[in-house]
Every structure is written in C-alpha cells, then in structure tokens.
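Handing you this structure, nothing more for now.
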Amino acid sequence: MQKKIFAVLMAAAMLLTLAACGGTDASSSTPEGNSESSSQASAGIPADQIKAAWLYVGPTGDEGYSYMHDQARQKVAAELGIETVFVENVPEDADCEKTVRDLIDQGCNVIYATSFGHGEWAYNVAKDHPEVYFGHATGYLTADNFTTYMGRVYEPRYLSGIVAGMQTETNKIGYVAAMPIAEVYRGFAAFCLGVKSVNPEAKVEILWTNAWYDPANEKSAAQQLINNGCDVIAQHCDTTGPQTAAQDAGVWCIGYNASTPDAAPDAYLTAPLFHWDAYYKADLESIMAGTREPAQRFWGGMTTGMVSLDTLTDNCKEGIAEAVAEAQAKIESGGLFVFTGPIVDNQGNTIVAEGEKIADADLENADYMKFYIDNVTTPIA
C-alpha cells in the first residue's frame with residue numbers, strides 16, 4: 001500500500017508526512033499520507049522565485065540527523081535550481097519562532113523545520129503567513145500551509161535489532177537514546193522486537209541523554225553500557241559518539257541516520273538510514289506546480305524509499321545478511337508488521353494481544369508507547 005501511495009504522490013509531485021526532534025506528542029494521525037482537507041488551487045511558484053529554508057536542531061557536521069537533512073537540501077537545490085538557506089543549532093523554544101520570522105523577512109517562502117520541538121513555534125508563524133509553505137519533520141500539527149513528514153524508520157530499526165541479536169556474544173546489548181518522545185520509544189521497541197525475534201536470550205539496556213545533540217554525553221552513555229557488559233551498542237541520537245566508544249572498547253556498534261563506517265571501521269555493523277531528498281524533491285515540485293495538498297501528513301516506510309538499512313559490513317557474523325534479507329522481504333510484502341502481538345512489557349503487562357497490531361495513532365502517542373519490551377533490563381522511568 002505504501003508503494004502505491006508513494007507512486008501517486010510522486011506523480012502529483014507531492015510527498016508529505018524526527019532522531020531527531022523533541023516536544024509535545026499527539027496522536028492525531030492521518031494514515032499513510034492521506035489529505036486531512038481538500039486540495040486548494042494554486043498558481044504555483046517558479047523555481048527561480050523559490051527561496052527555501054531549513055532549520056536544524058544541531059550542526060550540519062553532526063554526521064547524523066542534521067547532516068542528512070542538509071545533504072538532501074543540497075541535492076534538491078542542485079536538481080531543481082532553487083535558492084536555499086539553512087540555520088544550524090536552532091533551539092526548540094521561542095527562539096525558533098524568532099528564527100522563522102527572520103527567515104520570512106529575508107524572503108523565504110518555503111520553510112522546513114526538521115526537529116520535533118520546532119513544530120509549535122513554526123506553526124505559530126504559519127498561521128500569520130498563509131502565503132508561506134511549511135513542512136515539519138516528525139510532527140503532528142497541520143494547517144492548509146503546514147504539513148508533516150516522516151519515515152517509518154522503525155522498520156529498519158527492527159532489522160538492525162536482528163543484526164544486534166545475532167552479533168552479540170555476551171547477550172547484553174546497549175542502546176543510547178535521546179529524548180523520551182513517541183518516535184524514540186517506538187524505535188527502541190522495534191529494535192528490541194528485532195533482537196528478540198532471533199535471540200530470545202539477549203537482553204537490552206537503555207540509557208537516555210535527554211538531548212538530540214550531545215557528543216560527549218552520547219559517548220559517555222555508550223561507555224557506561226560497555227562497562228556493564230554490552231558488546232553491541234545501538235543508538236537513537238545524532239552523533240557518532242557511541243560508535244567511537246564501541247571502536248575504542250573493541251565491541252560492535254549500530255549507527256543511525258547516516259552511513260558512518262569510517263567513524264568506527266572495526267566496530268560498525270550497519271545503521272537505519274533516512275533518505276529525506278525523496279520527500280523534499282517531490283514536495284518542492286508540488287509547490288512549483290501548484291499541486292501541493294494542504295494539511296498533508298506523510299509517513300513512508302522502506303517501500304517508499306524514505307528509509308532503509310545501511311549495507312551490512314564485513315564485521316557482521318555469517319548468517320546475518322540472510323536473516324535480515326528474509327525479514328526485510330516480509331516487511332516490504334506486508335507479511336510482517338513490526339508491532340504485531342503478542343507484545344509484553346518488562347513488567348509482565350500484555351501491550352498487544354496475539355495477532356493484533358498497534359495502530360498508527362497509538363504509535364504516534366508517547367503515552368501509549370511508553371513501555372519497554374520484556375527483553376529490556378532497564379526499569380521504565
């Protein structure tokens with residue numbers, strides 16, 4: 001179904017619906033990128049009249065989340081011949097709103113806020129500037145000129161859990177997490193389910209940094225997990241700090257956002273990846289053509305090209321590639337939905353009954369997703 005929707009949206013030059021990102025969660029989901037309101041006629045904007053701006057929560061050199069958004073920005077700027085600008089280290093507070101207003105004063109008529117916590121501030125500005133097109137990564141707020149976009153990165157996260165579960169020798173796996181929002185909870189849950197699918201004996205420990213970009217703290221958290229006996233380190237944070245900690249300690253690592261084997265050549269196994277340019281190009285083309293649907297939400301999985309698992313390195317054990325390929329084929333064919341029951345938390349509660357599935361609205365709801373799978377040793381906070 002995702003592939004069909006993606007094809008339709010691409011044909012209409014429209015692709016809509018974090019990590020990284022932080023703020024308030026909600027479950028007002030529109031499944032699979034369907035419009036929440038009717039299309040509005042527009043004359044479109046010629047490429048030479050577009051000035052698009054990107055807001056990043058960290059620096060473009062983070063080798064992770066902001067880096068990948070900026071790589072996408074550069075790619076679509078070259079392919080479409082449009083003017084683009086970007087602002088790094090935009091905080092998730094009132095300063096974000098000021099930054100957005102300043103960008104509009106500078107002539108920007110398309111604005112992408114790439115962190116979850118940017119959402120409400122950009123939304124405030126969008127209400128005052130209906131002539132400006134807004135896109136918000138990983139969010140939930142929508143309006144005629146305000147859309148959201150995200151990849152179902154929990155799919156490759158599940159696959160990376162298979163890698164970790166088969167690679168570990170101590171049966172202790174560590175996970176460095178950023179902010180406690182639904183996006184991070186569901187990613188961690190998917191990872192743990194992937195581990196459990198191939199290695200029921202393995203246990204996972206999680207440490208939170210409470211920041212999207214904190215290189216020192218991310219590396220320190222990874223080191224603590226390694227000291228606790230974890231021999232595979234995974235992450236949902238923005239830098240390669242956990243990977244370099246794994247390299248230094250002689251254990252394995254799974255990255256995030258970008259392909260970074262050079263950061264830890266003896267430790268790197270793979271990483272869940274985003275391909276933001278697929279969205280940005282289609283969205284900008286729809287703005288140019290005057291076909292952008294209002295209040296769109298796009299949430300695309302591996303079949304849409306928005307997310308993938310990085311190429312497995314030679315550090316992976318024999319048999320991992322085959323197990324990953326088998327699971328990926330099932331996900332892409334619709335034969336495997338990651339969040340299918342039975343799912344039990346580490347307090348013995350049944351979260352999802354056998355055969356049932358977690359709905360999109362619940363996957364986006366932090367209150368619902370705040371649980372740890374029963375192979376997690378860390379108590380829920």
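Predicted, not measured: the structure shown is a model, and the values here were computed from it. Sequential numbering from 1 along the given sequence is applied to the chain's residues.
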Check: Are any non-hydrogen side-chain atoms of Ile233 and Gln243 less than 4.5 angstrom apart?
Finding: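 Heavy-atom side-chain distance check fails, nothing below 4.5 Å.
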Notebook entry, point to check: Hey, does Cys237 have a side-chain heavy atom less than 4.5 Å from the side chain of Pro242?
Noted result: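 Pro242 vs Cys237: side chains touch.
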Checklist line | Atom pair OG/OH of Ser160 and Tyr175 - distance to nearest 0.5 Å | finding: 7.0 Å
Checklist line | Min side-chain heavy-atom separation Asp238-Asn257 under 4.5 Å | finding: yes
Check: Taking Phe146 as the fixed residue, which of Tyr112, Tyr123, Trp121, Tyr133 is the one that meets the ring pair (Phe, Tyr, Trp, His ring centres under 6.0 Å) rule?
Finding: Tyr123
Notebook entry, point to check: Are any side-chain N or O atoms of Thr350 and backbone N or O atoms of Val352, one a donor and one an acceptor, separated by less than 3.5 Å?
Noted result: no
Checklist line | Working for side-chain hydrogen bond (donor to acceptor under 3.5 Å, both in side chains), residues Gln224 and Asn228 | finding: CA-CA 6 Å; Gln224 183 176 336; Asn228 292 347; 5.5 Å; no
Notebook entry, point to check: With a 4.5 Å limit on heavy-atom distance, are the side chains of Glu169 and Lys317 in contact?
Noted result: yes
Checklist line | Candidate pair Gln223 and Asn227, rule side-chain hydrogen bond (donor to acceptor under 3.5 Å, both in side chains), full reasoning | finding: CA-CA 6 Å; Gln223 186 60 58; Asn227 292 344; 3.0 Å; yes
Check: Can a donor-acceptor pair be found between the side chains of Glu201 and Asn171 at a distance below 3.5 Å?
Finding: no
Note to self: Tell me whether Arg157 forms a cation-pi arrangement with Tyr256, defined as NZ or CZ under 6.0 Å from the six-membered ring centre and within 45 degrees of its axis.
What the structure shows: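 Yes, Arg157 and Tyr256 form such a contact.
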Checklist line | Side chains of Thr60 and Tyr67 in contact at under 4.5 Å (non-hydrogen atoms) | finding: no
Check: Any salt bridge between Lys172 and Asp231, counting N to O under 4.0 Å?
Finding: no
Checklist line | Any donor-acceptor pair under 3.5 Å from Ser197 side chain to Gly194 backbone | finding: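 Confirmed, Ser197 side chain pairs with Gly194 backbone.
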Notebook entry, point to check: From Leu55 CG over to Asn89 CG, what is the distance, rounded to the nearest 0.5 angstrom?
Noted result: 11.0 Å
Note to self: A quick test of your reading: do over 12 heavy atoms of other residues, nucleotides or ligands sit less than 6.0 Å from NZ of Lys51?
What the structure shows: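 Result for NZ/Lys51: enclosed.
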Item checked: Value rounded to 0.5 Å, distance of CZ in Phe339 from OH in Tyr154 ->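 These two atoms lie 6.5 Å from each other.
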Checklist line | CD/Glu318: more than 12 non-hydrogen atoms of other groups inside 6.0 Å | finding: no
Check: What is the minimum heavy-atom distance between Val85 and Cys108, and which atoms define it?
Finding: CG2-SG, 3.8 Å
Notebook entry, point to check: Does any donor atom in the side chain of Arg292 or Thr147 lie under 3.5 Å from an acceptor atom in the other side chain?
Noted result: yes
Check: Leu207, Met179: one ILVMFWY side-chain cluster at the under-4.5 Å cut-off?
Finding: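 As far as the 4.5 Å side-chain criterion goes, Met179 and Leu207 are not connected within one cluster.
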Next item on the list: Assert yes or no for the condition that the ring centre distance of Phe191 to Tyr158 is strictly below 6.0 Å.
Entry: no
Notebook entry, point to check: Linking I/L/V/M/F/W/Y whenever any side-chain heavy atoms sit under 4.5 Å apart, do Ile162 and Tyr268 land together?
Noted result: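 As far as the 4.5 Å side-chain criterion goes, Tyr268 and Ile162 are not connected within one cluster.
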Next item on the list: Give a yes or no on whether Val338 and Ile373 share a hydrophobic cluster (residues Ile, Leu, Val, Met, Phe, Trp, Tyr; joining criterion: side-chain heavy atoms under 4.5 Å apart).
Entry: yes
Item checked: Same apolar cluster: Ile206 and Ile226, side chain cutoff 4.5 Å ->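 The answer is no; the residues belong to distinct hydrophobic clusters.
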Notebook entry, point to check: Should Asp248 and Lys219 count as an ion pair when the cut-off is N to O under 4.0 Å?
Noted result: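 Yes.
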Note to self: Between Thr340 and Glu356, do the side chains contain a donor N or O and an acceptor N or O under 3.5 Å apart?
What the structure shows: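 The criterion, which ignores hydrogens and geometry beyond distance, is not satisfied for Thr340 and Glu356.
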Margin query: Is it the case that the side chain of Thr84 and the backbone of Ala52 share a donor-acceptor pair, with hydrogens and angles ignored and the cut-off at 3.5 Å?
Written below: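 Checking the backbone N and O of Ala52 against the side chain of Thr84, no donor-acceptor pair under 3.5 Å is found.
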Check: Would you call Met369 and Phe371 a side-chain contact if the rule is heavy atoms closer than 4.5 Å?
Finding: yes
Note to self: Hydrophobic clustering (ILVMFWY, side-chain heavy atoms < 4.5 Å, transitive) - are Val344 and Leu363 grouped together?
What the structure shows: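 No; Val344 is not reachable from Leu363 via cluster members.
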Next item on the list: Considering only NZ, NE, NH1 and NH2 on the basic side and carboxylate oxygens on the acidic side, decide whether Asp102 and Lys98 come within less than 4.0 Å.
Entry: yes
Margin query: What's the separation between atom OG1 in Thr291 and atom CE in Met288, rounded to the nearest 0.5 Å?
Written below: 10.5 Å
Check: When you measure from the side chain of Asn145 to the backbone N and O of Glu131, does any donor-acceptor pair fall under 3.5 Å?
Finding: no
Margin query: Using side-chain heavy atoms (C-beta onward) and a distance below 4.5 Å, is Tyr280 in contact with Trp54?
Written below: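 A side-chain contact under 4.5 Å exists here.
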Check: Sub-3.5 Å donor-acceptor pair from the side chain of Asp374 to the main-chain atoms of Asn346, do we have one?
Finding: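 Judged by distance alone, no pair lies under 3.5 Å.
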Next item on the list: Would you check, one step at a time, whether the test side-chain contact (heavy atoms from CB on, under 4.5 Å) holds for His129 with Val100?
Entry: CA-CA 11 Å; His129 290 275; Val100 175; over 6 Å; no
Checklist line | Interatomic spacing from CD in Glu218 to OG1 in Thr244 - rounded to 0.5 Å | finding: 9.5 Å
Item checked: Derivation and outcome, salt bridge (charged side-chain N to carboxylate O under 4.0 Å, His left out), residues Arg73 and Asp277 -> CA-CA 7 Å; Arg73 176 192 65 82; Asp277 55 289; over 6 Å; no
Check: Quick one: does Val232's side chain get under 4.5 Å of Val251's, heavy atoms only?
Finding: no
Next item on the list: Could you tell me whether a side-chain N or O of Arg297 sits under 3.5 Å from a main-chain N or O of Gly139, the two making a donor and an acceptor?
Entry: yes
Notebook entry, point to check: When rounded to the nearest 0.5 angstrom, what distance separates SG in Cys192 from CD1 in Ile343?
Noted result: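 So the SG of Cys192 and the CD1 of Ile343 are separated by 11.0 Å.
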Next item on the list: Determine whether the side chains of Thr377 and Glu205 contain a donor N or O and an acceptor N or O closer than 3.5 Å.
Entry: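 Note: Thr377 and Glu205 side chains miss the donor-acceptor criterion.
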Next item on the list: Taking all non-hydrogen atoms of both residues into account, name the closest pair between Gly301 and Val307 and its distance.
Entry: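 It is C-CG2, 3.6 Å.
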Next item on the list: Answer with yes or no whether the side chains of Asp310 and Thr270 bring together a donor and an acceptor at under 3.5 Å.
Entry: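 Distance-only check fails for Thr270 and Asp310.
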Next item on the list: Report yes or no: does Ser333 contribute a side-chain atom to a donor-acceptor pair with the main-chain N or O of Ala329 at less than 3.5 Å?
Entry: yes
Next item on the list: Taking all non-hydrogen atoms of both residues into account, name the closest pair between Ala271 and Gly255 and its distance.
Entry: CB-C, 3.4 Å
Item checked: Ala164 backbone acceptor or donor facing Thr168 side chain under 3.5 Å -> no
Checklist line | His118 side chain to Val90 backbone, donor-acceptor under 3.5 Å | finding: yes
Notebook entry, point to check: Does Gln328 reach the main-chain N or O of Ser308 with its side chain, forming a donor-acceptor pair under 3.5 Å?
Noted result: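 Between the backbone of Ser308 and the side chain of Gln328 there is no qualifying donor-acceptor contact (under 3.5 Å).
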Margin query: Less than 4.0 angstrom from a charged side-chain N to a carboxylate O is my criterion; do Asp345 and Lys370 meet it?
Written below: no
Margin query: Once you measure the plane-to-plane angle for Tyr140 and Phe116, does it fall in the parallel (<30°), tilted (30-60°) or perpendicular (>60°) bin?
Written below: tilted
Notebook entry, point to check: Less than 6.0 Å separating the ring centroids of Tyr368 and Tyr185?
Noted result: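 Distance test on ring centres: not under 6.0 Å, no.
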